[in-house]
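Single-structure report; data block below.
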Amino acid sequence: MYSERMIRMLPVLAWAVLVAAGGAWAQTAAPAPKSGQPASSLEEVIRGLETAYGRINDLKADFEQTAFNKSLNQSIPAQGTVYLKKGGKLRWEYAEPTPQQIVSDGKTVWIYTPALAQVNVGPAPEALAGPAGSFLTGLGKVREHFSVRFLNPAEPRDKDGNVVLDLTPKQPLPTMNRLILSLDPRTWDVRRAVVYDQFENTVTMLFRKTAVNSGLADSLFTFVAPKGVATVPLR
């Protein structure tokens, strides 16, 4: 099950999803590099990413997540579907390893665990309105909030030809000390996103079936407890 630590991670994970969605949008909206060649300079890559964010209002994606605890040398896999909408709205539906829903309308957050017949309720974290959580309203201000470099300036691409970026928040966050992105240089599609916290624990996110600007209803981002479900304050 997921607790307050997961809640603190949500803005970071939401940001990673937005980056992945940026690739899906960029395939139709972002300007292609000159002569149809893949982007090569750091400036081209950043410009492509920022352009990709420009018109995102909402998105839906299936995800696979692996959380690695360095001190315990333990990995926990998870998968499900995520929904995001500007205004700090989010809905993470975990199917595995434990069915769970984490829902927020930007003001309140609900964590529903069917196996416990319980929903934890509390104020949405302020971070949802900050740099990591507000990219749907901030519209791609990558350079404003992050220092961006190639992970390996001498070899900007990995063995699969993807450009690998190393992003460091200009205002360090306990839940995100570093973000590594592997991007297809032709389409801006993010193949892999790895979030590091201050203790070098990692969350790796892979996304598929991304749908951007499909008109997600606001009602998707509120939660009404089923009959018989206990409501418990989030601690």
Side-chain angles (χ1 to χ4, degrees), residues 1-25 52-65 78-96 98-141 173 175-176 190 193 195 203 205-235:
M1 294 180 294
Y2 296 92
S3 60
E4 284 185 274
R5 184 178 185 278
M6 174 56 73
I7 294 300
R8 292 195 297 270
M9 283 295 294
L10 285 178
V12 176
L13 300 179
W15 194 88
V17 174
L18 289 178
V19 173
W25 178 262
Y53 299 138
R55 298 183 181 181
I56 296 177
N57 182 66
D58 62 54
L59 67 91
K60 172 187 175 183
D62 291 344
F63 69 87
E64 294 181 9
Q65 170 189 307
Q79 63 181 28
T81 304
V82 60
Y83 306 81
L84 298 174
K85 189 172 184 178
K86 69 179 182 181
K89 300 178 178 68
L90 56 83
R91 185 183 188 97
W92 293 79
E93 296 185 347
Y94 285 85
E96 297 180 10
T98 302
Q100 193 170 52
Q101 296 176 16
I102 303 176
V103 182
S104 179
D105 59 4
K107 297 179 181 179
T108 302
V109 63
W110 298 266
I111 305 177
Y112 172 48
T113 309
L116 298 178
Q118 175 178 298
V119 57
N120 296 87
V121 184
E126 293 182 3
L128 285 177
S134 65
F135 264 64
L136 284 177
T137 53
L139 300 180
K141 299 176 181 178
L173 305 169
T175 50
M176 181 170 62
V190 173
V195 180
V203 176
M205 304 293 292
L206 303 174
F207 305 96
R208 58 187 178 86
K209 297 182 179 179
T210 301
V212 176
N213 293 341
S214 59
L216 298 178
D218 287 341
S219 59
L220 189 64
F221 305 97
T222 61
F223 183 84
V224 178
K227 185 177 180 179
V229 170
T231 298
V232 179
L234 183 64
R235 297 177 180 177

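Since we're looking at a predicted model, the values are computed, not measured.
The minimum heavy-atom distance between L90 and L84, with the atom names listed, is CB-CD2, 3.4 Å. Listed here is the closest heavy atom pair of Q100 and P114: CA-CD, 4.3 Å. In this structure, L59 and L216 approach most closely via the heavy-atom pair O-CD1, 3.3 Å.
If you take CD on E93 and NZ on K60, they are separated by 8.5 Å, rounding to the nearest 0.5 Å. Note: K107 NZ to T222 OG1 = 12.5 Å, rounded to the nearest 0.5 Å.
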Criterion side chain to side chain contact (heavy atoms under 4.5 Å, CB included) on I111 and L234, from CA distance to verdict
CA-CA 8 Å; I111 305 177; L234 183 64; 3.8 Å; yes
Determine whether F223 and V119 satisfy the following criterion, side chain to side chain contact (heavy atoms under 4.5 Å, CB included), listing intermediate values before the conclusion.
CA-CA 9 Å; F223 183 84; V119 57; 3.8 Å; yes
Show your reasoning for whether side chain to side chain contact (heavy atoms under 4.5 Å, CB included) applies to F207 and D62.
CA-CA 6 Å; F207 305 96; D62 291 344; over 6 Å; no
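For the pair V203 and Q65, the minimum side-chain heavy-atom distance is below 4.5 Å. Between K86 and D58 there is no side-chain heavy-atom pair separated by less than 4.5 Å. Side chains of V109 and I102 form a contact here, defined as non-hydrogen atoms less than 4.5 Å apart.
For Y94 and F63, the ring centers are positioned less than 6.0 Å apart.
Partners of Q101 according to the side-chain hydrogen bond (donor to acceptor under 3.5 Å, both in side chains) rule, which considers only residues two or more places apart in sequence or in another chain, are R91.
Salt bridge absent: D105 and K89 never bring a charged side-chain N and a carboxylate O closer than 4.0 Å.
Between the side chain of S104 and the backbone N or O of G106, at least one donor-acceptor pair lies under 3.5 Å.
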